[in-house]
Number of protein chains: 2
Amino acid sequence: MITPNAKEIFRGYIKAKGLRHTWQRDTIIDAFLSAAGHLTVEELFQIVTRIHPGIGYATVHRNLNLIRECGLADEIKIGNEKTRFEPTCGRTHHDHLICLKCKCFIEVNNNQIEQLQERLAEANDFLPLRHKLEIYGLCKNCR
Amino acid sequence: MITPNAKEIFRGYIKAKGLRHTWQRDTIIDAFLSAAGHLTVEELFQIVTRIHPGIGYATVHRNLNLIRECGLADEIKIGNEKTRFEPTCGRTHHDHLICLKCKCFIEVNNNQIEQLQERLAEANDFLPLRHKLEIYGLCKNCR
DNA sequence: GTTGTTATTGATATTCATTATCAGTATAAT
DNA sequence: ATTATACTGATAATGAATATCAATAACAAC
């Protein structure tokens, strides 16, 4: 299976909403896609600034929201920590085991759970679009 | 099965932490336990104020955190909505189907999913303590 | 009961992520 | 080229959550 071109998805979303293409958006989507996952707005802003000094924090924030809206990023918010954005494209959906002590997280996946969730929604006449499963506890090193 | 006395749990927690008993704490835990679930700090503050005018917002907030800490409340935070606190005592754990349009939520429960989560954690050498499963989508009326 | 220590309260200030504002600029259709 | 309008970047505003602090209250020790 070929990974869909994330950048194309983003540009398509922009166009479909009647928004405009700008070099800032290009820079931001490129930086986001090539960076390691789980970035905060602040962190992406730092990266983008190194490439193109002068891009505003608000611009990065706004566009990160667009990236999330078009499905290329998931939001992870743990307690009062800053929101983090993780790329979804080319990756299967996964849930998180979050350590309450060291704040690390492990990505996990279970098809059976996914299927049960579908059925659970169905049984309640609910159309499921996305979901978030977070298991909090202690990791191998902290338990 | 007899529901454990939530108020005793709270008072025990206070004592165990070397904190002190106050009439404000009593008022707040009483109001919280007798209120319908899913309250925001603001809403509980309004209720408490009606019983004892003069109790400060910060006091309600602080004590709601203690109530959460001792396991009597779960936190629900949907998007940018205000954090809500829902009583856990005397109720089985449940997950949420959250409507993206009307913001309503349906409480659901599935033992099979719970069990799979346990196993998932185990497989990763992770000690699960609590978890949060939220399925976002469209409810019966909004789909 | 008195005293001393210290947690608590309530009012307010602070913090901090996120969103809104807005003038100037850039984009893209005609 | 013209024109309408979305975008940017700087900054202000928002708002929930937390911190601060002086006055007060709880409670253990005596």
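Sequence lines set the chain letters: A, B, ... in the order given, protein chains first and strands last, and positions in each chain run from 1. Not measured: the values here are computed from a predicted model.
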**Report entry** Interatomic distance where CZ belongs to A:F45 and P belongs to C:dA17 [whole Å]
**Finding:** 13 Å
Report summary line: Between CH2 of B:W23 and C1' of D:dT24 the distance, given in whole Å, is 12 Å
Query raised in the report: Applying side chain to side chain donor-acceptor pair (under 3.5 Å), which residue pairs with at least one partner in residues 51-61 of chain A are found, sequence neighbours left out?
Result: A:T59-A:R62
Report summary line: Minimal heavy-atom distance between A:A121 and B:L97, with the atoms involved, is CA-CD1, 4.3 Å
Query raised in the report: In whole Å, what is the span from the CD1 atom of A:I76 to the P atom of C:dA17?
Result: 17 Å
Using nucleotides 15-19 of chain D, report all nitrogen or oxygen pairs with the protein that are shorter than 3.5 Å.
unit_1: D:dA17; atom_1: OP1; unit_2: B:T83; atom_2: OG1; d: 2.7
unit_1: D:dA17; atom_1: O3'; unit_2: A:N80; atom_2: ND2; d: 3.4
unit_1: D:dT18; atom_1: OP1; unit_2: A:N80; atom_2: ND2; d: 2.8
unit_1: D:dT18; atom_1: OP2; unit_2: B:N65; atom_2: ND2; d: 3.2

Report task. Decide yes or no for B:R68 and B:L72: does some side-chain heavy atom of the first lie under 4.5 Å from some side-chain heavy atom of the second? Result -> no
Query - Shortest non-hydrogen contact between B:L138 and B:C99, atoms and distance - result: CA-SG, 4.1 Å
Query raised in the report: Given B:L44, which of B:L39, B:N63, B:I67, B:T49 fulfils the side chain to side chain contact (heavy atoms under 4.5 Å, CB included) condition?
Result: B:L39
Query raised in the report: How about A:H38 and A:F85: are their ring centroids closer than 6.0 Å?
Result: no
**Report entry** Separation between CD of B:E114 and NE2 of B:H131, rounded to the nearest 0.5 Å
**Finding:** 4.0 Å
Query - Gap between atoms NE2 and P, on B:H52 and C:dG10 respectively (whole Å) - result: 11 Å
**Report entry** Any residue of residues 11-22 of chain A with a heavy atom less than 4.0 Å from an atom of DNA chain D
**Finding:** A:G18, A:L19, A:R20, A:T22
Report summary line: Taken to the nearest whole Å, CG/B:L66 to C1'/C:dT9 is 13 Å
Query - Close side-chain approach of A:V108 to A:I106, heavy-atom, < 4.5 Å - result: yes
Query raised in the report: For C:dA26, does OP1 or OP2 lie under 4.0 Å from any side-chain N or O of A:Q24?
Result: no
